[in-house]
Amino acid sequence: KRLDVDFRQFARESIIGAVQDELNEAQFLDLEGAVSHCKEFDEIFKVAGEYFKHLACEDLYFFVDDRLYKADINAEFPKAGYDWTHIRMVYAMNDMINNKISGINELVEFFENDGNGSYYLFTPIHFEDQVVGFSVLKNAGFLEDGSFFYDVHNTIVKALSSLFSRKQLENANKHLNDVYMKDLLTGVYNRVAFGNEIAPDINKFHANGTACALSFVDADDFKKINDE
């Protein structure tokens with residue numbers, strides 16, 4: 001039995017599909033480049049939000065562990081489940097919602113009141129085996145057109161993980177610098193700091209003809225005072 005096929009319609013849909021695939025690929029490459037240059041976590045979330053605004057998606061939310069921002073060198077995230085005492089909403093595509101929701105309780109209440117007839121896709125954010133947070137997409141119609149979402153999500157997660165590692169390294173270097181340039185007991189800058197930080201500035205002032213002076217204070221029996 002012969003099937004009636006509208007070859008013109010088929011060709012039209014094929015061309016539109018190919019063009020859309022090329023557009024998706026171009027936008028994805030732009031996203032990769034943009035997030036790789038972000039220097040703050042909020043920049044990554046904002047770039048991701050701008051990307052999803054161009055897709056068939058009503059809203060996007062990011063919830064992460066607030067210890068992400070501290071980037072402590074010894075930071076550890078849960079390996080199973082979420083530590084809800086640390087989970088915060090850090091981005092919403094809808095600015096009005098951004099002001100209403102801070103944690104998971106407000107999110108659940110919002111979904112109960114506003115989510116009737118909508119569907120939400122929750123996707124976890126993992127740094128290897130550690131649970132850092134999750135993203136939520138509302139009515140993401142673009143998922144019907146292809147499976148590129150997980151490539152996008154992985155790109156965002158890799159950017160977050162890379163930035164977290166960089167900030168950990170920066171914080172570790174800052175700590176080592178403080179150990180090197182500050183008295184461990186009082187936290188006051190030491191002679192090394194004077195030679196590295198203060199003396200060059202004094203020389204600059206003198207070179208510009210600006211008068212300046214530096215005073216030192218010496219306290220007798222300081223250890224005894226500190227111990228008390």
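Numbering of residues begins at 1 and proceeds along the displayed sequence.
- Partners of Glu50 by side chain to side chain contact (heavy atoms under 4.5 Å, CB included), not counting sequence neighbours, listed by chain and number: Lys53.
- Of the possible polar contacts, one joining the Ser36 side chain to the Gly33 backbone as a donor-acceptor pair under 3.5 Å is found.
- Closest approach of Asp59 and Ala92 over heavy atoms only: OD1-C, 4.2 Å.
- Counted within 6.0 Å of NE2 on His175, heavy atoms from surrounding residues, nucleotides or ligands total 12 or fewer; the atom is thus considered open.
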message: Assess the residue pair Tyr82 and Ile87 against the criterion (side chain to side chain contact (heavy atoms under 4.5 Å, CB included)); give the C-alpha distance rounded to whole Å, side-chain angles, the decisive distance to 0.1 Å, and a yes or no.
response: CA-CA 8 Å; Tyr82 296 95; Ile87 294 296; 4.2 Å; yes

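- Under the ring pair (Phe, Tyr, Trp, His ring centres under 6.0 Å) rule, Phe134 has a single partner from Tyr120, Phe122, Phe62, Tyr61, which is Phe122.
- In this structure, NE2 in His126 is found 12.5 Å from OG in Ser161, a value given to the nearest 0.5 Å.
- Using modelled atom types, no side-chain atom of Glu43 and backbone atom of Cys38 make a donor-acceptor pair closer than 3.5 Å.
- With hydrogens and angles ignored, the 3.5 Å screen pairs a side-chain donor or acceptor of Asn190 with a backbone N or O of Val192.
- In this structure, Asn177 contributes its side chain and Asn173 its backbone to no donor-acceptor pair below 3.5 Å.
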message: Applying side chain to side chain contact (heavy atoms under 4.5 Å, CB included) to Val35 and Thr155, what does each step give before you reach the verdict?
response: CA-CA 8 Å; Val35 296; Thr155 295; 4.0 Å; yes

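- In this structure, Asp65 contributes its side chain and Glu76 its backbone to no donor-acceptor pair below 3.5 Å.
- Using a distance-only test at 3.5 Å, with no hydrogens or angles considered, no donor-acceptor pair links the side chain of Asp183 to the main chain of Val188.
- If you take CG on Asn171 and CZ on Arg166, they are separated by 12.5 Å, rounding to the nearest 0.5 Å.
- Side chains of Asp178 and Leu176 form no contact here, defined as non-hydrogen atoms less than 4.5 Å apart.
- The shortest heavy-atom contact between Pro200 and Gly195 is CD-O, 3.5 Å.
- The two residues Ala75 and Phe164 come nearest to each other via the heavy atoms CB-CZ, 4.1 Å.
- Here Asn154 contributes atom CG and Ile125 contributes atom CD1; the two are 11.0 Å apart, rounded to the nearest 0.5 Å.
- Between Ala48 and Ile156 the shortest heavy-atom distance is CB-CD1, 3.6 Å.
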task: Report the C-alpha distance between Val64 and Arg88 in whole Å, list the side-chain angles of each, state the deciding distance to 0.1 Å, and finish with yes or no for side chain to side chain contact (heavy atoms under 4.5 Å, CB included).
output: CA-CA 6 Å; Val64 298; Arg88 302 285 183 271; 5.9 Å; no

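- In this structure, Asn196 and Met181 have side chains that are in contact, with non-hydrogen atoms separated by less than 4.5 Å.
- The closest donor-acceptor contact from the side chain of His153 to the backbone of Pro124 lies under 3.5 Å.
- Using a 4.5 Å heavy-atom cutoff, the side chains of Lys182 and Tyr180 are not in contact.
- Leu163 places a side-chain heavy atom less than 4.5 Å from the side chain of Ile44.
- Residues His206 and Thr210 form no side-chain contact, since every pair of their non-hydrogen atoms from C-beta on lies 4.5 Å or further apart.
- Taking CZ from Arg67 and NE2 from His86, the interatomic distance works out to 4.0 Å, rounded to the nearest 0.5 Å.
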- request: Could you please spell out the steps behind the side chain to side chain donor-acceptor pair (under 3.5 Å) verdict for Asp42 and Tyr69?
  value: CA-CA 9 Å; Asp42 287 340; Tyr69 285 82; 2.6 Å; yes

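- The backbone N or O of Tyr119 lies less than 3.5 Å from a partner atom in the side chain of Asn139, making a donor-acceptor pair.
- A salt bridge links Glu40 with Lys167: at least one charged nitrogen is closer than 4.0 Å to a carboxylate oxygen.
- Remark: side-chain polar atoms of Gln168 are paired, donor with acceptor, to backbone N or O of Asp72 under 3.5 angstrom.
- Between the CG atom of Asp151 and the CG atom of Leu31 there is a distance of 11.0 Å, given to the nearest 0.5 Å.
- The two residues Gly49 and Met93 have their closest heavy-atom pair at O-CE, 3.9 Å.
- Under 3.5 Å, the side chains of Thr85 and Asp83 contain a donor-acceptor pair of N or O atoms.
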Side chain to side chain contact (heavy atoms under 4.5 Å, CB included) between Phe52 and Phe149, intermediate numbers included: CA-CA 10 Å; Phe52 281 104; Phe149 165 69; 3.8 Å; yes

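- A distance of 11.5 Å separates CG of Leu68 from NZ of Lys70, quoted to the nearest 0.5 Å.
- Cluster membership check: Trp84 shares its hydrophobic cluster with Met89, using side-chain heavy-atom separations under 4.5 Å among Ile, Leu, Val, Met, Phe, Trp and Tyr.
- Contact between Phe205 and Cys212 at its shortest, heavy atoms only, is CB-SG, 3.8 Å.
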